Structures are given as C-alpha cells and as structure tokens.
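So you know, we letter chains A, B, ... as the sequences are listed, proteins then strands, and number each from 1. Just so it is clear, the structure is predicted and the values come from calculations on it, not from any experiment.
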Amino acid sequence: MELNVSENLNEKQKLAVEHTEGPLLIIAGPGSGKTRVITQRIAHLIDHCDVKPWQIIAMTFTNKAAREMKDRLGTLFSDEEQHRINASTFHSFCAMLLRREADFLSLNQDYSILDDTDQISLLKRVMDEVGIDPNQWKVRAIQSAISNAKSKLMTASAFRAGKNSYFEEIVDRVFTRYEELVSQSNAVDFDDLIMNTNILFQNHPEVLEKYQSRYLHIMVDEFQDTNLAQYQIAQQLAGLHKNLCVVGDPDQSIYSWRNADITNILSFKKDYPDATEISLEQNYRSTKTILAAAQKVISPNQNRVDKDLWTQNDEGSPIIIAEAYDEFEEARITLNEIQNLIDTGICKPAEIAIMFRVNAQSRVLEEACLKSGVSYQLIGGIRFYQRQEVKDIVSYLRLLNNFNDDASLARIINVPQRSIGKTTLNKLSEQATSGGCSLWNQIEVILNRPDHDNSTSFLNKRSLNSVQVFYNLMKEIHDGSKDMDLQSKIDLVIERTGYRDYLQAMEHGEERLQNLNELRESAADFITIEDEEGLDPLTIFLERVSLISDVDRLEDHANSITMITLHQAKGLEYKTVFIVGMEEGLLPHSRSLEHPEQMEEERRLCYVGLTRAHSRLYLMRAFRRGYRGNYEPSIPSRFLKDIPSKLTLNTGGNIKQRVDNNYKKAESPKKLSSIDDKSPYEQYKERIRQKKINSSKKKNDFNPGDKVMHDVFGEGVVVDVKAIPSDFELTIAFKDGLGIKKLLLQLAPIKKLNNM
DNA sequence: AAATCGTGGATTTTT
DNA sequence: TCCACGATTT
C-alpha cells in the first residue's frame, strides 16, 4: 500500500514522520495530532523503509490507546499486518515477555498478577507476621514506599542497603518478607512486571539481545508519565539500533504521585545527545479562545519550557464561567445546560464530558443526571474488576490457574461461607509461614497426614472437614474444567461454588449477577493473539483482566455523556467540556496548597482538562460546598484568575443569561458577580464579619409568605422560618424551577420585596 | 459466625 | 459526615 505521508501533515509533523534513523524526541502539545504522527510514522517505516510490522513496538499509556493505534493502523493495512504490530502498555508487554521467558526466572508461566488490593492484603499479613502495628504505620505508606523503590529499580536488598530513616527501617522489614511471599505465591505485582523484565535483561544478555535485534523501532507515547524502570526497558530494547522515539508533553505530566518521572525527558536529551527534537505546536483541537486560556493557566509554572502553541481554528465562543450556590445547584445548572445543548442539537451526548478533580464530586452529578433523564457513563468510582463479586470470581479463576496464589485463596476460601473462619485461616497461614510454603500446599500437607484426626493436627476435626470439602471442590472444578472453554469454566465456578445462590440471597443480588454476566461476556469474545500461542487461555484472560483499566472500558459512541476525573481525561477530547468544582481546595486540591511542586502539577492537571475541549468550555464553581458533613466557603480557583476576562463570559449564577445559543460574547456582559472585582468569598467574609458584630442581636423580619429577592437566585417566596442558635433558617421557594432552598438569614444575600 | 461498636481516614489510581 | 475495617461482643 502506498501512502502519501506529506499530505495532511504540517511541516513539523512531516519531519517527525520522516525521521526514521536514530533517537527522536517529539514534544507534542495538546491536540497537536500526536497520535496521527505516531501512526503515520509507523506506516512510513513499513512502506518506505522496508521495516516489518513486527519489528516495531509502540508503548502506550493505556490499553485503549493501544487499541486505537491498532485500529488506526488497521485502516492503512490489512488485518493480518495490523495484528502483528506491537502496540501495548509497558505492563502488558512485560507481562507477556516474562511468560515467554519464564524459564529464566523463578516464576512459572502461569504466574498471577497482584493488584492493588491483593498487595494491601499481603502487606497486612506481613506486617502482622513481623509485628508492625498497622495503626502506627500505614499500609498505604509502606506500599507506596515499596512501589517507589521498584519503579526506581531498587530491589529489597538495595533498599535495605540504602535505608536512611526509621520509616525506611520499618519498610525494609516488610519489603523483604513481602517479596518472599509474593514469589512463593508464584506471583508478581505491577511494579515487578517492569522490574523483573529489567533484571531479566541484566542477568541474561542473550534474552535482551533477542529482543534488541527483533525490534528495530521503539516508540513510547506519553513519555512524560513513564518512570525510570519503564524508560530503562525502552532504552535497553533500543540498545542495538538506537531507534528510540519518545513522544510527550511535560506540561501534561500529572502522575508524579505514581512515580512517573518528569525528568525522563531531560535524561533522554542527556542520554542521547545526538537526538533530534521536534516540537509540535500547532493545535488542531481547540478554539483560539480555549487554547489561549489554557496557555494562561499553564504559563505561571516555573518549572517548564515555554511552548508557542497556536491554532488556525476559529476564535470560538467565550469560556462560560458560572457560579452556583452549592454543589447541588452546580450539578443542576450543569445538567440544565447539557439538556439545552442536546435538545437544541448543538451537541450529541457523546460529545459532552463533565470533569472533576475527585470522585466524590460525581455523586451529586449522577443524581442530577438521573433527575434530568440524561444518560451517562461514569468512569471510576468503584472499578469494575474491583467489585466484590467480580473480584471473587476472578480470585477463584486465579486460584484454579495457580494454586499457590495465596491472596486469591485467602479471599475466597470462605466465600460463600464454608465454616472456614478467621481462626482456621490464621492457623493455616502460620503453618504455611513456618513451612515456607503456600496456603494451598499447606492444606495438602495437612490433608495428606494419615493421622490428621488426632491431636497432632493443628486444626480441630470440624475445621479440618470444612477444609477438606473446600479442597475437594477446587480439585473437582479444576480437573473437571480442563477441556472447557473460558466461559464454561466461569459458569462452572459460579454454579459449583454456590456463588450464584449466595448472590441471589443478598440484596442487589440481581445487579451483582449482572456484573458477573458482564465478566462472562468479556470472556466470550476473548481471543488470544499470535504471541500468546501455547499459553493457557485462562492465564492470558486473567492477565488481561489484571492489566485492564477503567478508561479502557469507556465507550466512544455510547448515547450518553461522560463523567470522568481530570486524570482519566488525559488523552481524550470532547466537543464540550464542563469542569466542575473550580475552587481552591479542590482544583488546586488542598493537599497541594503548601507544596509548590504539587501545585505545579495541579496547574498541569487543570491545563489537561481545559485542553480536552474542542469548542465549548464551561468552568463551574459553587459558592459553598459540603465537605465532610459541614459546609465550607469556597474561594474561586486561582486558575480562574489566570484566564483573562476577555476570554470568558462570567454568568454568575445565572447561566441562562448567555446571549444566544452561539454564545456570542456580549459587548459588556452584565455581571452578577465576578471574580475580577469583589469575589463571592469576599462577600461571604463580609457577611461573616457582620454576623459576628450583630451576633444574635439581629432580628428576623421575614415571615412565611413574604416575597424576597436573592442576589443569585432571583425572586422567591418564604415558605418557612425556623429559629436556630444565633440565626434563622429560611426556607424559600424560588422561581424559574430553581426549587426550594434552605438559607441562613444572616448569610443569604436576600432582600425583602415590597408588596405591591 | 454474625452482630455490634469504635476508630480513623477521607486526591488523583495508566498498570 | 460517612464509610470501611478491625476489635469486641453474644
């Protein structure tokens, strides 16, 4: 197939596509056609440089990105060729590599991959074992220290050698034992996938050489969010041919808290002084207005190199800034506007996204969606594969795949209840520890002891019997399902373990069964690819399940709007974007307020959010927001102040005030309130001050039936007046479908309307 | 083994 | 405030 690459590409893009020899660094601003460049570059290599598809590997950030890349290439090549192009995440790539090279490792081919929760439970078990008080030392902190070490390629013994504080002393004690347990379980954690691959390359140069010679070209997308261990993999793979192409944008680095190392970009320049650097600065996604606003938000960061982003796109409409009274009204205004956009045909639901900083914000929005009948996809919250019932069944499957998987065994041995309680499990666990074997092995040892019914046994007769029943059940399912396809295996597990009955007996049982059905479905259309031949499909299925993310499950063309965290939104784009909670403490998040580096990351996060939008951007905030039970005043986000007012239309609380459906900016928009002059927070403080002065002296002169005027909500009628300590709570019904609100007399910006 | 009580913690979460 | 988890009770 012949491709004319120069067509539809700008000069810089063309340079990037046609640079085929030696290291290449592409700095790709948002919306700069990065994915197109990567795919065209692959196409170019194949068409013009005699490179075979299987000699190229592209590392992506998510499975979704990998799939999309393959899809795009699919339109350029035949299916067969497309399949042979290697696009995957670092983790998937390493997982597969470790399976194929398992002979070189102390792992079996069918090893399990521990997820976050498995890790936590193993760590707890270790802490208990080595006598570390979980109240004094947080499991999460230890987990993160271990993960951090591994992403810097530090083994447990290296960590021990370098420990430098009491906390690290504690971590060290857990780390070593944790590693033992993991490897005894024939398992690895996420970080191990990357680290073990590095170690394998180091210990077995012949293995590395095999891959080095196979892969002529290595590409890494979202390079700003890789960690050192991942970068090393890429470097080593490219060690022979030096054709390493990395693509990233330092301004979009938002995962430093997951050990992503923004300095990888600097290291790259140092490691490859002869590297070509190309900066893609033309934006094809957003309006001039949105792009300008985004640049204003990102530019205060000290720690960055300025880019000169530009676009030929239209000026577009102003960015709508709206203030709501509280998070409920924020949600309602947002959904009203969304309904408007949909009803008027301006946007299809799939073109709209609501983005937020923390998942907790999604609940109110969900409710507003339900109320207004707008269907939505919510990403995150409780992740699909972390749902109890899904995780349980997956644990069964993992156990059947690898009986040494202690984490899975411990999870399901008593689910549904089999009278194998904590005491029994603890005893088993103790014995396994002293015997240096897995729980399953320990069970076999006990059951095979001829005298297991007398006092030398560690378990009483009843428990022993229950364990025997469990053991037999697992054996039976395992042996009986050997030749079954995946879906039948899952069915067998659900039925024979009694899990179906167990679910049906509980509330929301149907819903949970529905989730299991979804799991079955995913097994039904599960296909293995060429590279995975010879491996048990169950092993591969479990691997995919472990390595899948929520964003991967996002459906592109569903007839629903998308609700998503700002982090998850990276790499996505929507015609219309609402960012809710543009407030100090939320965006930027309160945890970053005292840490300049984290504050810069919050800024980048905001930047990522803004640049997701094509043509319509709404920045929403609430005047007051519920936080852990009590309400706190909300200060408008500092990022709002960074956007020049000429780019925005500040609607105050009344979004209906927008001029028309095209949002043509009014000559001098009438501002109900503006963050440029007196902010609501100032007004709020003023009222607090007055409240303090007047204290309870102020008398209520509102009575039910009175007409009132509210600065934000407009006209309303007092429904009820209730005296509360040092104030009065007014219940007021507002016009225009704004509903009934409860307001505090001394805080609410209301005036009594004279009766006509 | 289930039910109840109490305490602590509450960003983001590619894999 | 609200939830989850662990400890304690029955």
Side-chain angles (χ1 to χ4, degrees), chain A residues 59-66 88-95 113-117 119-121 124 128 133-136 138-141 143-144 147 150-151 188-195 221-227 229-230 252-260 355-361 363 379-383 385-386 388 414 416-424 462-463 466 543-552 554 564-572 581 585-593 595 598 601-602 604-606 608-609 626-632:
Chain A
M59 302 292 194
T60 57
F61 198 59
T62 60
N63 295 296
K64 186 168 184 270
S88 69
T89 63
F90 272 103
H91 288 84
S92 309
F93 174 79
C94 291
I113 298 172
L114 303 178
D115 67 19
D116 183 72
T117 33
Q119 255 188 87
I120 294 286
S121 53
K124 279 183 186 163
D128 186 52
D133 178 9
N135 292 116
Q136 197 183 349
K138 287 187 228 147
V139 197
R140 285 272 165 206
Q143 180 204 32
S144 129
S147 172
K150 287 183 179 178
S151 53
V188 298
D189 63 29
F190 287 137
D191 300 304
D192 288 335
L193 288 169
I194 313 290
M195 184 150 111
D221 193 10
E222 306 284 9
F223 187 58
Q224 77 280 356
D225 282 319
T226 54
N227 63 34
Q230 292 168 323
Q252 293 182 62
S253 161
I254 54 174
Y255 281 101
S256 74
W257 52 275
R258 282 215 40 148
N259 306 316
M355 300 178 185
F356 35 82
R357 176 64 236 259
V358 302
N359 281 123
Q361 288 172 266
R363 207 160 121 185
I379 304 302
I382 307 159
R383 310 168 69 188
Y385 287 99
Q386 296 294 348
Q388 194 184 308
N414 201 32
Q417 289 93 321
R418 298 190 177 88
S419 314
I420 306 176
K422 231 191 211 155
T423 10
T424 309
R462 246 182 56 187
S463 309
S466 308
E543 176 181 304
R544 298 238 193 122
V545 164
S546 307
L547 299 181
I548 207 155
S549 73
D550 283 310
V551 196
D552 293 332
L554 194 64
I564 197 168
T565 64
L566 287 160
H567 280 91
Q568 292 172 317
K570 192 179 74 163
L572 307 177
L586 257 184
L587 183 64
H589 195 272
S590 53
R591 297 250 180 144
S592 68
L593 297 178
H595 308 275
Q598 284 181 37
E601 186 146 315
E602 294 293 307
R604 294 194 291 269
L605 189 57
C606 183
V608 166
Y627 180 69
R628 293 191 200 165
N630 54 342
Y631 272 87
E632 298 210 336

Using Watson-Crick and G-U wobble pairs whose two distances are both under 3.5 Å, how do you write the pairing of DNA chain B as dot-bracket, with | for links to another strand?
||||||||||.....
For residues [X] and [Y], report the shortest heavy-atom separation together with the two atoms involved.
| X | Y | result |
| --- | --- | --- |
| A:Ser466 | A:Ser419 | OG-O, 3.6 Å |
| A:Pro588 | A:Leu593 | CG-CD2, 4.2 Å |
| A:Phe190 | A:Asp116 | CE1-N, 4.3 Å |

So, [X] side chain and [Y] main chain: donor-acceptor pair closer than 3.5 Å or not?
| X | Y | answer |
| --- | --- | --- |
| A:Asn414 | A:Ile420 | yes |
| A:Gln230 | A:Asn227 | yes |
| A:Gln361 | A:Val358 | yes |

Contacts of type salt bridge (charged side-chain N to carboxylate O under 4.0 Å, His left out), residue A:Glu602, not counting sequence neighbours
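For A:Glu602, the residues satisfying salt bridge (charged side-chain N to carboxylate O under 4.0 Å, His left out) (neighbours in sequence not counted) are A:Arg357.
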In this structure, how many angstroms lie between the C1' atom of B:dT13 and the CG atom of A:Asp225, rounded?
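Going from A:Asp225 (CG) to B:dT13 (C1'), I get 12 Å.
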Write down the distance between CD1 (A:Ile120) and P (B:dT13), rounded to a whole number of angstrom.
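Roughly 16 Å, once rounded to whole Å.
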Are A:Ser144 and A:Ser147 close enough that a side-chain donor and a side-chain acceptor fall under 3.5 Å?
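Not at all, the side chains of A:Ser144 and A:Ser147 share no donor-acceptor pair under 3.5 Å.
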What distance, rounded to whole Å, do you find between the two P atoms, one in C:dC2 and one in B:dT13?
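The answer is 23 Å between these two P atoms.
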C:dC5 and B:dT12: how far apart are their P atoms, nearest whole angstrom?
16 Å
Stepwise side chain to side chain donor-acceptor pair (under 3.5 Å) check, A:Glu601 with A:Ser592:
CA-CA 9 Å; A:Glu601 186 146 315; A:Ser592 68; over 6 Å; no
Run the numbers on A:Thr565 and A:Gln568 for side chain to side chain donor-acceptor pair (under 3.5 Å), then give the verdict.
CA-CA 5 Å; A:Thr565 64; A:Gln568 292 172 317; 3.2 Å; yes
Could you tell me which residues satisfy ring pair (Phe, Tyr, Trp, His ring centres under 6.0 Å) with A:Tyr255, sequence neighbours excluded, listed by chain and number?
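A:Tyr255 satisfies ring pair (Phe, Tyr, Trp, His ring centres under 6.0 Å) with A:Phe61, A:Trp257, A:His567 once adjacent residues are dropped.
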Paired with A:Ser253, the side-chain contact (heavy atoms from CB on, under 4.5 Å) test is passed by just one of A:Leu605, A:Asp225, A:Val608, namely A:Asp225
Counting any heavy atom closer than 4.0 Å, what does A:Ile113 reach on the DNA or RNA strands: base, sugar-phosphate only, or nothing?
nothing
Hey, which of these two, A:Ser419 or A:Arg140, hits DNA chain B nearer its 5' end, going by closest nucleotide?
A:Ser419
Taking NZ, NE, NH1 and NH2 as the nitrogens, is one of them in A:Asp191 or A:Arg258 under 4.0 Å from a carboxylate oxygen of the other?
no
Between the protein and nucleotides 9-12 of chain B, which nitrogen or oxygen pairs come in under 3.5 angstrom?
unit_1: B:dA10; atom_1: N7; unit_2: A:Arg628; atom_2: NH1; d: 3.3
unit_1: B:dT11; atom_1: OP1; unit_2: A:Arg591; atom_2: NE; d: 3.4
unit_1: B:dT11; atom_1: OP1; unit_2: A:Arg591; atom_2: NH2; d: 2.8
unit_1: B:dT11; atom_1: O4'; unit_2: A:His589; atom_2: NE2; d: 3.1
unit_1: B:dT11; atom_1: O2; unit_2: A:Arg357; atom_2: NH1; d: 3.1
unit_1: B:dT11; atom_1: O2; unit_2: A:Arg357; atom_2: NH2; d: 2.3
unit_1: B:dT12; atom_1: OP1; unit_2: A:Asn359; atom_2: N; d: 2.8
unit_1: B:dT12; atom_1: O4'; unit_2: A:Arg357; atom_2: NH2; d: 3.1
unit_1: B:dT12; atom_1: O2; unit_2: A:Trp257; atom_2: NE1; d: 3.3
unit_1: B:dT12; atom_1: O2; unit_2: A:Arg357; atom_2: NH2; d: 2.6
unit_1: B:dT12; atom_1: O2; unit_2: A:His567; atom_2: NE2; d: 3.3

Where do N or O atoms of nucleotides 4-6 of chain C meet protein N or O atoms at under 3.5 Å, pair by pair?
unit_1: C:dG6; atom_1: OP1; unit_2: A:Lys124; atom_2: NZ; d: 3.1

Protein-nucleotides 2-6 of chain B N/O pairs under 3.5 Å:
unit_1: B:dA2; atom_1: OP1; unit_2: A:Gln417; atom_2: NE2; d: 3.4

